Amino acid sequence: MFRMPIRTHYTAEIKPEDAEKEVVVAGWVHRLRDLGNLKFIILRDREGLIQITLKKGVTAQELIDLAEKIKDEYVIAVKGVVKANKIAPKGREIIPKEIEILSRTVSNLPVSVSGKIESNLDTRLDNRVLDLRRPEVLAVFKIQSKLVQGMQDYLREDGFQQIFTPCLMGAASESGAEVFPVVYFNKSAFLRQDPQLHRQLAVISGLDRIYDLGPSWRAEPSHTPRHLCEHRGCAVELGFIKDEYEVMKVEENLVISGLKKVKEDCVEELELLGKEIKVPSAPFPELRFPKIYEILEEFGKKIPFGEDYDRESETILANYVREKYKSDFFFVNRFPFKVKPFYVMRVDEEPQWARSVDLIYKGLEVSSGGQREHRYEKIMEQIREKGISPVGMQWFTEHFKYGAPPHGGFNIGIERMTMQLLDLSNVREAALFPRTPERLLP
RNA sequence: GCCCCGAUAGUAUAGUCCGGUCUAGAAUACUGGCCUGUCGAGCCAGUGACCCGGGUUCAAAUCCCGGUCGGGGCGCCA
């Protein structure tokens with residue numbers, strides 16, 4: 001089987017200064033360049049690429065014979081000596097002493113890993129395992145990982161505790177969005193659309209400052225480049241707030257910390273993707289209803305007073321903010337209560353408007369949240385106003401009878417953040433194995 | 001859920017409007033050959049395709065209908 005000693009280095013760890021060292025590298029054959037009596041194998045692992053150079057007369061003949069059999073994407077291990085060489089990529093190459101083929105391919109790969117031909121997204125997703133080997137695809141997920149890490153770094157420093165909330169629900173978690181039903185013994189259950197309500201319960205139980213990283217499901221048959229049936233969110237909730245502005249402050253810090261982390265730790269990946277990260281500074285611009293109607297009207301967009309805005313408005317507002325404040329990010333606050341769920345807190349003096357906040361990044365909603373209603377009577381009143389069955393929501397509302405501090409939070413979509421950060425044309429690019437109405441495999 | 005567009009080798013495409021010179025073209029991958037510093041290596045040769053079903057026609061990749069799958073816009077949303 002595997003007779004070679006285990007890998008001593010990832011490719012990226014090997015530098016020209018390691019000349020004359022004996023190393024073992026292992027990975028996939030990224031590219032082959034056969035010049036006859038001179039052959040190059042470009043080997044790829046998680047961290048990068050390295051060139052294996054075989055020369056007739058220098059390299060043992062049996063290695064050269066073996067190398068002739070190697071094809072793209074074979075898995076090989078190579079033991080050899082590092083040689084510093086200015087004409088080799090990154091100034092170093094490996095002169096092999098031993099090569100072992102660990103796994104072969106059948107011919108005709110459905111996705112070109114070395115990137116000579118760009119496949120359609122659908123073909124790529126059908127063959128996602130192969131697709132993920134492409135360095136530029138791998139880079140997206142390294143960046144995503146750092147983004148989430150950066151967001152968590154901030155949360156932990158600021159006293160937020162990570163919690164895990166249930167994904168199976170005995171009742172729909174929000175009005176409006178479609179839910180996936182689940183067979184749950186002899187009961188009807190659903191996959192959550194949002195960890196929202198359980199986060200609130202966690203906060204009023206006394207956990208105070210929490211975050212939850214996890215999936216949500218929406219059974220919407222949406223055919224757009226920005227919807228998934230399964231997506232992940234970094235959902236934050238905090239208690240004892242004065243108003244929604246404290247929630248927004250947390251969100252700003254979280255975004256800044258995430259983007260900063262990506263900028264610092266993903267220099268090569270960003271370069272590979274040709275992207276530059278603009279780390280925003282706080283506070284982010286804020287647009288509020290009903291002032292938004294006036295702004296929109298300036299640009300010839302008439303939205304009836306008290307109504308929600310549409311996609312076109314979102315674009316108009318994003319352009320407006322980019323021009324006026326030079327910012328990719330902005331908050332939209334004080335949405336009409338009538339378009340928001342029962343649990344949001346209204347402005348007491350102007351009950352038409354809610355302390356409900358969306359975060360828009362490069363013209364796309366990446367998060368929504370705000371201050372929640374914590375007063376039991378008000379919650380019940382709003383449930384009645386929305387025409388929801390109070391009995392059905394009792395599992396949630398009951399707990400507000402026994403002391404609930406003012407609180408608020410938000411859920412920021414991880415795939416959408418990644419998509420906007422890297423200007424990906426489809427959110428599916430930002431999900432490892434995306435779930436869409438038609439796609440449930442692999 | 002509504003609306004628009006598309007489907008040609010393993011991949012990505014040309015050809016479709018205006019049916020016949022399409023025996024379907026170039027690329028890349030694949031197979032074979034040449035080549036001692038490539039870096040999307042190069043050169044030569046070869047294999048390989050019109051989504052499915054029905055219709056119109058002397059003749060369909062091309063026109064019409066249905067299906068399936070895919071892309072996008074809106075709604076909704078993270």
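For clarity, every value in this text was computed on a predicted model and none was experimentally measured. Proteins come first, then strands; the chains are lettered A, B, ... in the order of their sequence lines, and each starts at number 1.
- Arg355(A) has no carboxylate O lying under 4.0 Å from a charged side-chain N of Asp243(A), or vice versa, which leaves the two without a salt bridge.
- Taking the ring axis of Phe337(A) as reference, the NZ or CZ atom of Lys386(A) stays within 45° of it and closer than 6.0 Å to the ring centre.
- When heavy atoms are screened at a 4.0 angstrom cut-off, Leu228(A) is found touching base atoms of the nucleic acid.
- Among the protein residues, Arg31(A) comes within range of the sugar-phosphate backbone only, with heavy atoms under 4.0 Å from sugar or phosphate atoms but none that close to a base.
- The nearest whole Å value for the distance from the CG atom in Asp122(A) to the P atom in rG71(B) is 5 Å.
- Residue Ser119(A) places its side chain closer to rA12(B) than to any other of rC76(B), rA12(B), rU36(B).
- A centroid separation of 6.0 Å or more is found between the aromatic rings of Phe160(A) and Tyr211(A).
- Regarding contacts with the backbone of rA78(B), a side-chain N or O of Ser368(A) is found under 4.0 angstrom from either OP1 or OP2.
- Residue Glu118(A) is in sugar-phosphate contact alone, with no base atom involved, counting any heavy-atom pair closer than 4.0 Å across all strands shown.
- Looking at heavy-atom distances under 4.0 Å, Lys39(A) makes no contact with the nucleic acid at all.
- Protein atom CG of Leu43(A) is 16 Å distant from nucleotide atom C1' of rU38(B), rounded to whole Å.
- Comparing Gly57(A) and Asn120(A) by the nucleotide of RNA chain B that holds the closest heavy atom to each, the one mapping nearer the 5' end is Asn120(A).
- Note on Arg226(A): a side-chain N or O is less than 4.0 Å away from OP1 or OP2 of rC74(B).
- Rounded to an integer number of Å, the gap from CG of Asp34(A) to P of rC30(B) is 12 Å.
- Arg218(A) contributes a side-chain N or O that forms a donor-acceptor pair with the base of rA78(B) under 3.5 Å.
- Looking at the side chain of Arg428(A), the nearest of the listed nucleotides rA29(B), rG71(B), rC39(B) is rG71(B).
- Using a 4.0 Å heavy-atom distance criterion, Pro110(A) is classed as a sugar-phosphate-only contact.
- Residue Asn426(A) has its side chain nearest to rG72(B) when only rG37(B), rG72(B), rG70(B) are considered.
- Residue His223(A) contributes atom NE2, which lies 17 Å from atom P of rC5(B) at whole-angstrom precision.
- If you check every strand for non-hydrogen atoms under 4.0 Å, Ser367(A) touches sugar and phosphate atoms only.
- Taking atom CG on Asp310(A) and atom C1' on rG73(B), their separation rounds to 13 Å, with Å as the unit.
- The distance between atom OH of Tyr309(A) and atom C1' of rC77(B), rounded to the nearest whole Å, is 11 Å.
- Rounding to whole angstrom units, CG of residue Leu109(A) and P of rA9(B) are separated by 17 Å.
- Comparing rG72(B), rA27(B), rG37(B) against the side chain of Leu35(A) picks out rG37(B) as the nearest.
- Here the side chain of Pro89(A) is nearest to one of rU38(B), rG37(B), rC77(B), namely rU38(B).
- In the set rU11(B), rU36(B), rU13(B), rU36(B) carries the atom at the smallest distance from any side-chain atom of Asn37(A).
- Side-chain atoms of Thr11(A) and Glu47(A) include no donor-acceptor pair closer than 3.5 Å.
- Contact check, Lys71(A) against rA29(B): no side-chain N or O comes under 4.0 Å of OP1 or OP2.
- Between the side chains of Arg192(A) and Thr165(A), a donor-acceptor pair is found at a separation under 3.5 Å.
- Residue Glu68(A) contributes atom CD, which lies 14 Å from atom C1' of rU36(B) at whole-angstrom precision.
- If Lys56(A) and Leu32(A) are placed on RNA chain B by their nearest nucleotide, the residue sitting closer to the 5' end is Lys56(A).
- A salt bridge does not link Lys142(A) with Asp265(A): every distance from a Lys NZ or Arg NE/NH1/NH2 to an Asp or Glu carboxylate oxygen is 4.0 Å or more.
- Here the side chain of Arg33(A) is nearest to one of rU11(B), rG72(B), rU38(B), namely rU38(B).
- Put simply, the side chain of Arg416(A) and the base of rC77(B) share a donor and an acceptor less than 3.5 Å apart.
- Judged by atom type and distance alone, Glu438(A) does not reach the base of rG71(B) through any side-chain donor-acceptor pair under 3.5 Å.
- The base of rU38(B) sits with one of its N or O atoms less than 3.5 Å from a complementary donor or acceptor on the side chain of Gln51(A).
- Relative ring orientation between Trp353(A) and Phe305(A) is described as perpendicular, the plane-to-plane angle rising above 60° on a 0-90° scale split at 30° and 60°.
- Taking only side-chain atoms of Thr224(A), from C-beta outward, the nucleotide of rC74(B), rC39(B), rC76(B) with the closest atom is rC74(B).
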